[in-house]
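We use all heavy atoms of the structure for the numbers below, so side chains are in, but hydrogens, waters and symmetry mates are not.
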Amino acid sequence: QVQLVESGGGLVQPGGSLRLSCASSGRTFSGYNVGWFHQAPGKEREFVAGITWSGGGVTLYAGSVKGRFTISRDNAENTVYLQMNSLKPEDTAIYYCAAENPPPARTYATSRYEGDYDYWGQGTQVTVSS
């Protein structure tokens, strides 16, 4: 069982930065692709970024965050990070990390679809406001 715990959320001014962490307790991340999603009030949960286990960590980003957010993983620390720069009020949301034991077709490509992920964290709140 993979148990995910997010941390690093908080209140930040527009233009500021935060780094979110997703740590796995229990079973390790070994072999799992990991994605970050967010859910704003009154909206559906959306894909933000993903990283594969294989291939040195192939990344994928939503268009709205590309160039501002960076996903990375430290396999030795069993942690995945989301560095968020140039934050905007519209980035305000609960941020969730999720892990997928990928089928062969997604060994080198993460999924944007939440239904493909097997395990989820409880989420961490990010608020961007002056």
Side-chain angles (χ1 to χ4, degrees):
Q1 184 86 3
V2 175
Q3 295 175 315
L4 306 178
V5 179
E6 303 95 337
S7 61
L11 173 65
V12 63
Q13 292 186 343
S17 298
L18 283 174
R19 188 176 79 158
L20 306 183
S21 299
C22 173
S24 172
S25 61
R27 189 174 173 178
T28 72
F29 271 140
S30 177
Y32 284 80
N33 293 346
V34 175
W36 284 96
F37 291 74
H38 69 194
Q39 186 168 22
K43 295 188 176 182
E44 294 187 351
R45 193 155 53 184
E46 298 178 331
F47 175 80
V48 175
I51 188 166
T52 63
W53 169 261
S54 300
V58 179
T59 58
L60 179 69
Y61 296 93
S64 60
V65 307
K66 200 168 187 178
R68 300 188 298 124
F69 291 10
T70 302
I71 188 171
S72 61
R73 66 191 302 163
D74 184 334
N75 293 333
E77 295 294 324
N78 223 25
T79 302
V80 172
Y81 302 99
L82 185 68
Q83 177 67 43
M84 306 188 295
N85 298 328
S86 302
L87 282 160
K88 305 175 181 180
E90 51 263 42
D91 295 318
T92 295
I94 300 173
Y95 282 72
Y96 300 90
C97 68
E100 177 196 22
N101 186 5
R106 283 198 295 279
T107 298
Y108 300 105
T110 52
S111 172
R112 298 175 178 269
Y113 303 105
E114 60 179 292
D116 288 334
Y117 288 81
D118 303 300
Y119 302 101
W120 291 83
Q122 294 299 307
T124 185
Q125 176 71 47
V126 171
T127 303
V128 184
S129 175
S130 55

Could you tell me the separation between the [atom1] atom of [X] and the [atom2] atom of [Y], rounded to the nearest 0.5 Å?
| X | Y | atom1 | atom2 | value |
| --- | --- | --- | --- | --- |
| Ile94 | Glu6 | CD1 | CD | 10.0 Å |
| Thr110 | Tyr61 | OG1 | OH | 9.5 Å |
| Gln125 | Thr92 | CD | OG1 | 7.5 Å |
| Gln13 | Thr127 | CD | OG1 | 13.0 Å |
| Asn75 | Ser24 | CG | OG | 11.0 Å |
| Asp118 | Asn101 | CG | CG | 6.0 Å |

Does a side-chain heavy-atom distance below 4.5 Å link Thr79 with Phe29?
no
Test item: [X] side-chain N/O and [Y] main-chain N/O as donor-acceptor pair under 3.5 Å:
| X | Y | result |
| --- | --- | --- |
| Arg112 | Gly50 | no |
| Thr52 | Val58 | yes |
| Gln39 | Ala93 | no |

For side chain to side chain contact (heavy atoms under 4.5 Å, CB included), just list the numbers for Met84 and Trp36, CA-CA rounded to whole Å, side-chain angles, deciding distance to a tenth of an Å, and then say yes or no.
CA-CA 12 Å; Met84 306 188 295; Trp36 284 96; over 6 Å; no
For [X] against [Y], the heavy-atom pair lying closest together:
| X | Y | result |
| --- | --- | --- |
| Pro14 | Ser129 | CD-C, 3.6 Å |
| Asp116 | Glu100 | O-CG, 3.1 Å |
| Asn33 | Thr107 | OD1-O, 4.3 Å |
| Val80 | Ile51 | CG1-CG2, 4.2 Å |
| Asn85 | Ser17 | OD1-OG, 2.9 Å |
| Arg68 | Ser86 | NH1-O, 2.9 Å |

Of all pairs that satisfy disulfide (SG to SG under 2.5 Å), the ones with a partner from residues 14-59, not counting sequence neighbours
Cys22-Cys97
Using the rule that Ile, Leu, Val, Met, Phe, Trp and Tyr join whenever any side-chain heavy atoms are under 4.5 Å apart, tell me whether [X] and [Y] fall into a single cluster.
| X | Y | answer |
| --- | --- | --- |
| Val34 | Trp53 | no |
| Val12 | Val65 | yes |
| Tyr32 | Trp120 | no |
| Tyr117 | Leu4 | no |
| Phe37 | Ile71 | no |

Near Glu90 CD, under 6.0 Å, is it more than 12 heavy atoms from other residues, nucleotides or ligands?
yes
If you look only at pairs with a residue in residues 80-114, which of them pass as a ring pair (Phe, Tyr, Trp, His ring centres under 6.0 Å), with sequence neighbours excluded?
His38-Tyr95
